[in-house]
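Below you'll find the structure, written out as structure tokens, and then a few comments.
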Amino acid sequence: QVQLVESGGGLVQAGGSLRLSCAASRSIVRINSMGWYRQAPGKQRELVATITGNGLTNYADSVKGRFTISRENGKNTVYLQMNSLKPEDTAAYYCKLDRPFVGVTWGQGTQVTVSS
């Protein structure tokens, strides 16, 4: 069973940057997509960014131009580079892995807090 381990969250001032990492516990042969979602207190979990097995990316409108998702295939790791952070980006960020014939796996989450 694959586990996802997220890291890189923390406290940053508005305008700052953070880089989140999500590493799979073992090699993954095929994926539909990997991605990042976030959930702020009292709100539903929402998509931030995804990347398919073919490298196609998708971003929420609220993060376009500020966040970049990338994937390092050999290390089964996906990254989220977050620049120009805003207080409204404050949330728990979750990594999601979607595999054919297996389904979805979630990470445990990492907290991002942006102070004004």
Side-chain angles (χ1 to χ4, degrees):
Q1 185 173 353
V2 173
Q3 292 183 329
L4 302 176
V5 180
E6 299 123 327
S7 61
L11 173 64
V12 65
Q13 288 187 334
S17 298
L18 285 173
R19 188 191 194 206
L20 304 184
S21 299
C22 171
S25 58
R26 63 173 178 81
S27 178
I28 302 170
V29 177
R30 290 177 58 195
I31 70 166
N32 288 329
S33 66
M34 291 185 76
W36 292 93
Y37 290 71
R38 67 187 181 187
Q39 188 168 18
K43 295 187 177 181
Q44 289 189 332
R45 190 171 296 188
E46 63 178 6
L47 178 147
V48 177
T50 59
I51 185 166
T52 68
N54 293 327
L56 297 176
T57 58
N58 181 47
Y59 295 92
D61 287 343
S62 59
V63 306
K64 284 181 180 177
R66 300 189 297 122
F67 292 10
T68 302
I69 189 170
S70 60
R71 182 178 170 221
E72 193 168 1
N73 291 346
K75 294 186 177 182
N76 297 297
T77 301
V78 65
Y79 303 97
L80 185 68
Q81 178 66 42
M82 305 186 293
N83 299 327
S84 302
L85 282 161
K86 304 176 181 180
E88 51 263 44
D89 295 318
T90 296
Y93 282 69
Y94 297 89
C95 180
K96 177 185 174 183
L97 168 65
D98 184 0
R99 289 175 285 168
F101 312 113
V102 176
V104 171
T105 302
W106 289 95
Q108 81 286 355
T110 185
Q111 179 66 35
V112 172
T113 302
V114 184
S115 64
S116 57

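If you read the sequence from its start, that first residue is 1, and numbering goes on from there.
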| message | Could you see if V2 belongs to whatever hydrophobic cluster contains W106? Use Ile, Leu, Val, Met, Phe, Trp, Tyr and a side-chain cutoff under 4.5 Å. | response | no
| task | Say whether Y94 and L47 are linked into one hydrophobic cluster, either directly or through other cluster members, by side-chain heavy-atom distances under 4.5 angstrom. | result | yes
| Does V114 share a hydrophobic cluster with V63, counting links as ILVMFWY side-chain heavy atoms below 4.5 Å and allowing steps through other members? | yes
| note | So CG of L11 and OG1 of T113: to nearest 0.5 Å the spacing works out to 6.0 Å
| message | Which heavy atom of K64 sits nearest to which heavy atom of Y59, and what is that distance? | response | CE-O, 3.4 Å
| query | Side chains of E72 and Y79: do they bring a donor and an acceptor to under 3.5 Å? | reply | yes
| Just by distance, do the side chain of D98 and the backbone of N32 share a donor-acceptor pair under 3.5 Å? | no
| task | Locate the shortest heavy-atom distance separating I69 from M34; write the atom from each residue and the value. | result | CD1-O, 4.0 Å
| message | Please find the pair of heavy atoms, one from R30 and one from R99, that lie closest to each other, and give the distance. | response | O-CG, 3.6 Å
| Say you draw a straight line from CH2 of W36 to CD1 of I51; how long is it, rounded to the nearest 0.5 Å? | 12.5 Å
| request: Taking all heavy atoms of I31 and all of T52, pick out the closest pair and write down the distance. | output: CD1-C, 4.3 Å
| Nearest-0.5 Å distance that lies between atom CG in L85 and atom CG in L18 | 5.5 Å
| message | Tell me whether E46 at atom CD has more than 12 heavy atoms from other residues, nucleotides or ligands lying less than 6.0 Å away. | response | yes
| query | Would L80 end up clustered with L4 when hydrophobic side chains under 4.5 Å apart are linked, directly or stepwise? | reply | yes
| note | In this structure, CZ of R38 is separated from CZ of F67 (nearest 0.5 Å) by 5.5 Å
| Going through the checks in order, is the salt bridge (charged side-chain N to carboxylate O under 4.0 Å, His left out) test met by K86 and D89? | CA-CA 5 Å; K86 304 176 181 180; D89 295 318; over 6 Å; no
| said: Using every non-hydrogen atom in the two residues, find where S116 and P87 come nearest and quote the distance to one decimal. | reply: CB-CG, 3.8 Å
| request: Would you please test Q3 and T105 for side chain to side chain contact (heavy atoms under 4.5 Å, CB included) and show each step? | output: CA-CA 8 Å; Q3 292 183 329; T105 302; over 6 Å; no
| note | Rounded to the nearest 0.5 angstrom, the CZ-OG1 distance for R71 and T77 is 9.5 Å
| task | Return yes if some donor-acceptor pair links the side-chain N/O of E6 with the main-chain N/O of Q108 below 3.5 Å, else return no. | result | yes
| query | For V104 and K96, what are the C-alpha separation, side-chain angles and deciding distance, and is it a side chain to side chain contact (heavy atoms under 4.5 Å, CB included)? | reply | CA-CA 7 Å; V104 171; K96 177 185 174 183; 3.7 Å; yes
| said: For the CE atom of M82 and the OG1 atom of T68, what is their distance to the nearest 0.5 Å? | reply: 11.0 Å
